Amino acid sequence: MSVLRSLRFFPVACTGRSARSVLLQSSQPWHTFHAGPSLASASSKELLMKLRRKTGYSFVNCKKALETCGGDLKQVNCETDFVSRNLKFQQLVRQVALGTLSHCQSLQDQLSTYTKGFLNSSELSELAAGPGTEGSLKDHLALAIGKLGENMILKRAAWVKVPSGFYVGSYVHGVTQSPSLHNLVLGKYAALVVCEICEQSANLQDVGRRLGQHVVGMAPLSVGSLDDEPGGETETRMLSQPYLLDPSITLGQYVQPQGVSVVDFVRFECGEMEEAAEAE
């Protein structure tokens, strides 16, 4: 696998309080909008008008958002579907991912094994926006805040580079896919899994996706070893955990016949505290 191909997966945390977004390719269906209790108060019309003026969205979308948040205007943030589907928000997320990509490509390193890195809020803000685009990501964030009327913060990003002989599996859960930006997928949970290829396999993409599903669902803290004893539901070593899709075996037992060796992973979750994410 070429290095260039391995650079296409970038988890990016871009928050309007805490919404997480990920630049990934996926064929998963659109995430649906679930309305909560209906608004019946006398002030509901006023709230609808206020939200519509602030966001520019239709009455239907604003009504659904307010119903989901129980009529609390303070909670209508980027965790709601109708904001994450906004093209301007999606373009910002894509710009952050491209800026991270450019930064990663600029690092002069001779890869003999995989490398991964993280960028915090201040580091992200100072990055250039990417090829063919002027200004820093901080500038683009300010423009997006002005257009959306939404207070947002760039929280963190992660990148992974691998040489030939490695594979990066990926999975996004709670997906909203952009129809305009075909390589952009927004999700509430996401994972990258770095694998060393022991023998060529035709189903690497499927194996990578299953491993990503496991990381999202089981939230391991370390990879562990194939020699570790099988653990239970509270096990935090990935290879010793019950396999998410077949709890009768461990993740390690699933991996062994697949022709890959799991060496590392990255996991993002909507709403997770930055300190907890860094510790993980």
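Every value quoted in this text rests on a predicted model; they were computed, and no experiment measured them.
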Rounded distance (nearest 0.5 Å) linking atom CZ of Arg237 with atom CG of Leu251: 12.5 Å
Is there side-chain contact between Lys116 and Leu192, with heavy atoms separated by less than 4.5 Å? no
Between the CG atom in Leu98 and the CZ atom in Arg94, the distance rounded to the nearest 0.5 Å is 5.0 Å
Starting from Val255, can I reach Leu245 by hopping between I/L/V/M/F/W/Y residues whose side chains sit under 4.5 Å apart? yes
Under 3.5 Å, is there a donor-acceptor pair between the Asp228 and Ser225 side chains? no
What are the two closest heavy atoms between Val193 and Met238, and how far apart are they? CG1-CE, 4.3 Å
For Tyr114 and Asp264, does a side-chain donor sit closer than 3.5 Å to a side-chain acceptor? yes
Between Arg267 (side chain) and Val216 (backbone), is there a donor-acceptor pair under 3.5 Å? yes
hydrophobic_cluster_shared for Leu137 and Leu143, side chain cutoff 4.5 Å: no
Non-hydrogen atoms of Gln95 and Thr133 that approach each other most closely: NE2-OG1, 3.7 Å
Show, in sequence, the C-alpha distance, side-chain angles and deciding distance for Tyr254 and Arg210, and conclude whether the side chain to side chain contact (heavy atoms under 4.5 Å, CB included) test is met. CA-CA 10 Å; Tyr254 165 73; Arg210 288 169 179 262; 3.1 Å; yes
Does any non-hydrogen side-chain atom of Leu154 lie less than 4.5 Å from one of Lys138? no
Within the 4.5 Å heavy-atom criterion, are Tyr167 and Val162 side-chain neighbours or not? no
Ring-face cation of Arg156 near Phe268 (centre distance under 6.0 Å, axis angle within 45°): yes
Rounded to the nearest 0.5 Å, what separation is found between the OH atom of Tyr243 and the OG1 atom of Thr250? 11.0 Å
